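When a ligand or atom number is given, it counts from 1 through the structure's own listing order. These figures come from a predicted structure and were not determined experimentally.
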Amino acid sequence: MEVTADGWRKMWKESDMPCHYRNHVHKLLQSNFCGQVEGRRDLYIFVPLCGKTLDMRWLAEQGNHVVGVDMVETPVRTFFETEKLDFVVENSDTGPLYKTADGRIKVHVCDLFRLSKETLGVFDVIWDRAAFVALNRTDRQRYVSLLKSLMAEGCRYLLSAVDMKKAGGEPHKGPPQVTRAEDIQALFGNEYTVSFVEGLDCTPDADPVWDVEWFYENLYLIQMRKSA
Ligand SMILES: C[S@@+](CC[C@H](N)C(=O)[O-])C[C@H]1O[C@@H](n2cnc3c(N)ncnc32)[C@H](O)[C@@H]1O
């Protein structure tokens, strides 16, 4: 099933708590982030297709600079307001740019594909949860090309992918798109390594309409291969 920009706007209009939303920091992020970055701070972290995830606040509280992007303004505004952040909204060339007063969190309201390395810069970490897997399969290759261009040297790209088995055994049409290590590797190519980090059984959180027997979020680390 393809989701259009209007489809995402409709989703946020109809529900402030869509099924992908978690009212807590993501467990895979919380349990793995510090180890993955070896306790470093002041990192530049990209959160594509961020919605109103609380992960942004948590990442900033760990002493980092966070940049998010979402094409729908409602969740972005809700995030800054409900988290009671001191913020301003600037008009940038690509649309509204929400910024905390200390500049630690910035969120562009914009179609991700209108942004580039020139507008965003490069990042030490990418936290991709319900982003890669939310995209239409036809957009995956250009998404990966863009995200690769945003990876600074040594960047750790943390991708939470989903895997599930439907009770009836039929494939899930998505979103979320079932995504396994081999799918990620094929898109990133041999210059990148894809390593499994941790799996989380999220079966109780799965949308009942998906009718799953089991549903997992699996965390992968994607890194540029070091040249020999
Ligand atoms: C499934 S939600 C995930 C939100 C967040 N990552 C989380 O974990 O809660 C996907 C989000 O991507 C946004 N989105 C979809 N396509 C986009 C695009 N091309 N550019 C920017 N945002 C997009 C939608 O508006 C939606 O908020």
_Under a plain distance cut-off of 3.5 Å, with no hydrogens placed, do S92 and T94 share a side-chain donor-acceptor pair?_
yes
*Give the minimum heavy-atom separation between D55 and V25, together with the two atoms involved.*
OD1-CA, 3.5 Å
*asked:* Any nitrogen or oxygen of A131, side chain or backbone, less than 3.5 Å from one on ligand 1?
replied: no
*What protein heavy atom is closest to atom 19 (N) of ligand 1, reported as residue, atom name and distance in Å?*
D111 OD1, 3.0 Å
*Heavy-atom nearest neighbour in the protein, as seen from atom 7 (C) of ligand 1, with distance rounded to 0.1 Å*: R129 NH1, 3.6 Å
_So is A5 touching ligand 1 or not, going by heavy atoms under 4.0 Å?_
no
*Write out the residue and atom name of the closest protein heavy atom to atom 1 (C) of ligand 1, then the distance separating them to 0.1 Å.*
H20 ND1, 3.4 Å
_ligand 1 atoms in contact with C110 (distance to a heavy atom under 4.0 Å)_ = 20 (N), 21 (C)
*asked:* Give me the nearest non-hydrogen protein atom to atom 15 (C) of ligand 1 as residue plus atom name, then the distance to 0.1 Å.
replied: W8 NE1, 3.3 Å
*For atom 3 (C) of ligand 1, which of C50, A130, P176, G51 has the closest heavy atom?*
A130
_Which option wins on minimum heavy-atom distance to atom 18 (C) of ligand 1: H26, E73, M71?_
M71
*Flag the pair E217 and R129 as a salt bridge only when some basic side-chain nitrogen lies within less than 4.0 angstrom of an acidic carboxylate oxygen.*
yes
*Starting from atom 20 (N) of ligand 1, find the nearest protein heavy-atom neighbour and note its residue, name and distance.*
L112 N, 2.8 Å
*Using modelled atom types only, decide if a donor and an acceptor are shared between the side chain of R104 and the backbone of G63 within a distance under 3.5 Å.*
yes
*Spell out, as yes or no, whether a donor-acceptor pair under 3.5 Å connects the side chain of N136 to the backbone of V3.*
yes
*List the closest protein heavy-atom neighbour of atom 27 (O) of ligand 1: residue, atom name, distance to the nearest 0.1 Å.*
D70 OD2, 2.6 Å
_Donor-acceptor check, side chain of K166 to backbone of P171, threshold 3.5 angstrom: yes or no?_
no
_T53 N/O under 3.5 Å from ligand 1 N/O_ = no
*atom 4 (C) of ligand 1 - nearest protein heavy atom and its distance*: L49 O, 3.3 Å
*Might you point out which heavy atoms bring C34 and Q62 nearest each other, and give the distance in Å?*
SG-OE1, 4.4 Å
_Heavy-atom donor-acceptor pair, T100 side chain to D86 backbone, under 3.5 Å_ = no
*Distance-only donor-acceptor check, side chains T203 and D201, under 3.5 Å*: yes
